[in-house]
Amino acid sequence: MSAPLRRLLIANRGEIACRIQRAARTLGIETVQIHSASDAGARFVTEADDALCIGPGAPRQSYLSADRILAAAQLTGADAIHPGYGFLSENADFADRVEAAGLTFVGPTGDVIRRMGDKIAAKHAMEEAGVPCVPGYDGPLIDDPAALVAVAERIGFPVLIKAAAGGGGRGMRVARSAEELPQALSTTREEARLAFGDATVYLEKFLGTPRHVEIQVLADTHGQAVWLGDRDCSLQRRHQKVIEEAPAPGIDRAAIATLGEACAEACRRIGYRGAGTFEFLYQDGAFFFIEMNTRIQVEHPVTEAVTGLDLVQAQLRIAAGEPLWFDQSGVTVSGHAIECRINAEDPDSFLPSPGRIADWQLPEHPWLRIDSHCGPGAVIPTEYDSLIGKLIVHAPDRESAVARMRRALEGTRIEGIRSTLALHEWLLSDPGVQAGGIDIHHLERLLEERT
Ligand code: ADP
């Protein structure tokens, strides 16, 4: 486990595959890129040191096939696997299998992933570590209507019924009164059983107008953990983040520091290793833990911009057994960063727009970072998520970061497919977005007003 990584297999695709390759190259680690037949000509395939097609476009037969990925690792002599985000990145059984095969999994242990993937267990672990959680009933719910109503009344309506195994914004339902409770319970149960193979649900207070604020952490295999500031990801559509920024505007820095310390402490207690994110809802000056993501996140570059740290390189160094090379006093946040996620989607209908990129022009600025696997001629397949690139700007303060992002968007041209570029330009002209501190329903409200 504590040997330098030599040859890294990347079990992912798209922009994050390019991002991981870049970090590996800097550290002198060879890259093996697995891919599906649909991605054969993609840049992340041609730029890797070694590449192997492991199956057809369907994710189940390629990026989600643990069998094929492990066979590919063996065949290519890889000694470690980076799962990226999505796909198998939070699959505890996959992490176990990687390690059982004698390879290094770039992420926490299967046991930790399993524990954090069960939202009830995760909440218990956080409460024990002193991380503030959404008030609720943390036991799995029983089918006793009277007991259920009593619990909900104690917490106060509206309440949210959530699947313990839920993810991707699915498996959740609001109940606004005792009458709505039984129906909400049975529907969520059924949905959870079908979607996650686990009907366990729990109940928590439904917050009406929260912001989404998260804490980035980094922990090594020697019991050390630090937190790397916060991010605000409140601009969401259907629970999918659209724009993220660091730090979260208008929140007391001392409160963030207390929260960050609690997160670092939670990492030490649960034996966390690698990069991770604690997600919170923030309302009326208080934070409420909702879940932990045990992987690198799409929005990690805003944290890199304000801290000057390279999170993917850090993941690889930690996976190789290196002790953290700085402590909390070595983490400083400077300026403000914003990220816009550009999707291959119609900016009005949000329908996917796969196809061939005919023209692709991006501006160059010292304050602009572009994370993308696309370019002129790139083909966006139909089978995968529609993220084609991320624009990340860094500036001394938030106002200039917004201005710089608007300039970067203006200078960007993507032709041949539809993209959400225009949506971002529109959002950054909104007074609420410009002022900062909007809640998680802001974008959906704007879209409703527009129609
Ligand atoms: P998932 O794993 O599906 O992403 P989360 O627990 O992170 O589930 O919740 C997803 C989203 O659902 C949150 O970002 C927030 O918008 C909403 N949400 C979750 N819990 C609550 C709550 N208690 N009150 C209000 N909204 C919530």
Side-chain angles (χ1 to χ4, degrees), residues 90 115-128 131-214 232-242 278-293 350 438-449 451:
E90 292 182 287
R115 189 159 170 211
M116 294 301 118
D118 173 345
K119 292 186 178 176
I120 298 177
K123 257 182 113 169
H124 282 313
M126 292 311 126
E127 272 158 2
E128 275 168 25
V131 175
C133 294
V134 187
Y137 179 72
D138 293 337
L141 289 181
I142 17 86
D143 260 324
D144 174 355
L148 189 66
V149 170
V151 167
E153 273 171 353
R154 182 170 54 74
I155 297 163
F157 285 100
V159 295
L160 189 65
I161 308 216
K162 295 175 86 169
R170 289 183 308 160
M172 269 184 265
R173 200 152 262 90
V174 186
R176 300 194 178 271
S177 64
E179 290 71 47
E180 285 181 22
L181 209 49
Q183 182 66 44
L185 178 70
S186 58
T187 319
T188 315
R189 258 222 177 109
E190 186 55 14
E191 195 176 286
R193 195 181 59 76
L194 287 174
F196 314 112
D198 178 356
T200 313
V201 294
Y202 64 107
L203 195 148
E204 64 187 26
K205 175 112 190 108
F206 176 75
L207 303 170
T209 53
R211 290 168 63 181
H212 175 116
V213 176
E214 57 187 35
D232 187 325
C233 316
S234 301
L235 217 62
Q236 307 181 355
R237 179 179 169 269
R238 301 205 172 152
H239 301 310
Q240 298 296 315
K241 298 164 185 167
V242 176
F278 291 80
E279 295 193 333
F280 295 89
L281 296 178
Y282 174 79
Q283 188 175 302
D284 304 323
F287 296 97
F288 304 97
F289 170 79
I290 46 171
E291 69 165 343
M292 178 174 198
N293 290 319
F350 296 99
I438 47 108
D439 71 61
I440 59 171
H441 306 296
H442 188 79
L443 173 49
E444 306 256 4
R445 272 196 302 266
L446 285 181
L447 291 172
E448 269 167 36
E449 283 166 19
T451 52

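Owing to the predicted nature of the structure, the values given are computational and were not obtained by experimental measurement.
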#### Entry: Partner set under side chain to side chain contact (heavy atoms under 4.5 Å, CB included) for Leu207, not counting sequence neighbours
Lys205, Pro210, Leu281, Gln283, Phe288

### Message
So that I can tick it off, tell me whether Glu204 and Lys162 are bridged by a salt bridge, with the cut-off set at under 4.0 angstrom between side-chain N and carboxylate O.
### Response
yes

### Exam field: side chain His441 to backbone Gly208, donor-acceptor pair closer than 3.5 Å
yes

### Message
Quick check: closest heavy atoms across Ile438 and Ser234, and the distance to 0.1 Å?
### Response
O-CB, 3.4 Å

### Query
Got a second to check how far Ile290's CD1 is from Lys123's NZ, nearest 0.5 Å?
10.0 Å

### Query
Under 4.0 Å between a Lys/Arg side-chain N and an Asp/Glu carboxylate O for Glu448 and Arg445?
no

### Task
Please round to the nearest 0.5 Å and tell me the distance separating atom CG of Leu148 and atom CD of Glu153.
10.0 Å

### Task
Taking all non-hydrogen atoms of both residues into account, name the closest pair between Met126 and Cys133 and its distance.
CB-SG, 3.9 Å

### Query
Of the non-hydrogen atoms in Tyr202 and Ala163, which two are nearest, and what is the gap between them?
CE2-O, 3.9 Å

### Summary
Rounding to 0.5 Å, atoms CD1 (Ile440) and CG (Asp232) come to a distance of 11.0 Å

### Task
Mind checking the CZ-CZ spacing from Arg176 to Phe206? Nearest 0.5 Å is all I need.
5.5 Å

### Task
Could you pull out the closest heavy-atom pair between Thr188 and Arg173, with the gap in Å?
OG1-CB, 3.3 Å

### Task
Mind checking ring-ring contact (aromatic ring centres under 6.0 Å, His included) for Phe287 and listing every partner two or more places apart, or none if nothing turns up?
Tyr282

### Message
Hydrogens and angles aside, do Thr187 and Glu191 bring a side-chain donor and acceptor to less than 3.5 Å of each other?
### Response
no

#### Entry: Charged N-O contact under 4.0 Å between Lys241 and Glu214
yes

### Message
Minimum heavy-atom separation for Val134 and Phe289, please, with both atom names.
### Response
CG2-O, 3.6 Å

#### Entry: Nearest-0.5 Å distance that lies between atom CG in Leu203 and atom CD1 in Ile155
4.5 Å

### Query
What's the spacing between Met292 CE and Arg115 CZ if we round to 0.5 Å?
11.5 Å

### Task
Walk me through it: do Met116 and Glu291 pass the test side chain to side chain contact (heavy atoms under 4.5 Å, CB included)?
CA-CA 8 Å; Met116 294 301 118; Glu291 69 165 343; over 6 Å; no

### Query
If you look at every heavy atom in Asp439 and Arg211, which pair is closest and at what distance?
CA-CG, 4.1 Å

### Query
Just by modelled atom types, is the Leu443 backbone N or O under 3.5 Å from a matching donor or acceptor in the Gln236 side chain?
no

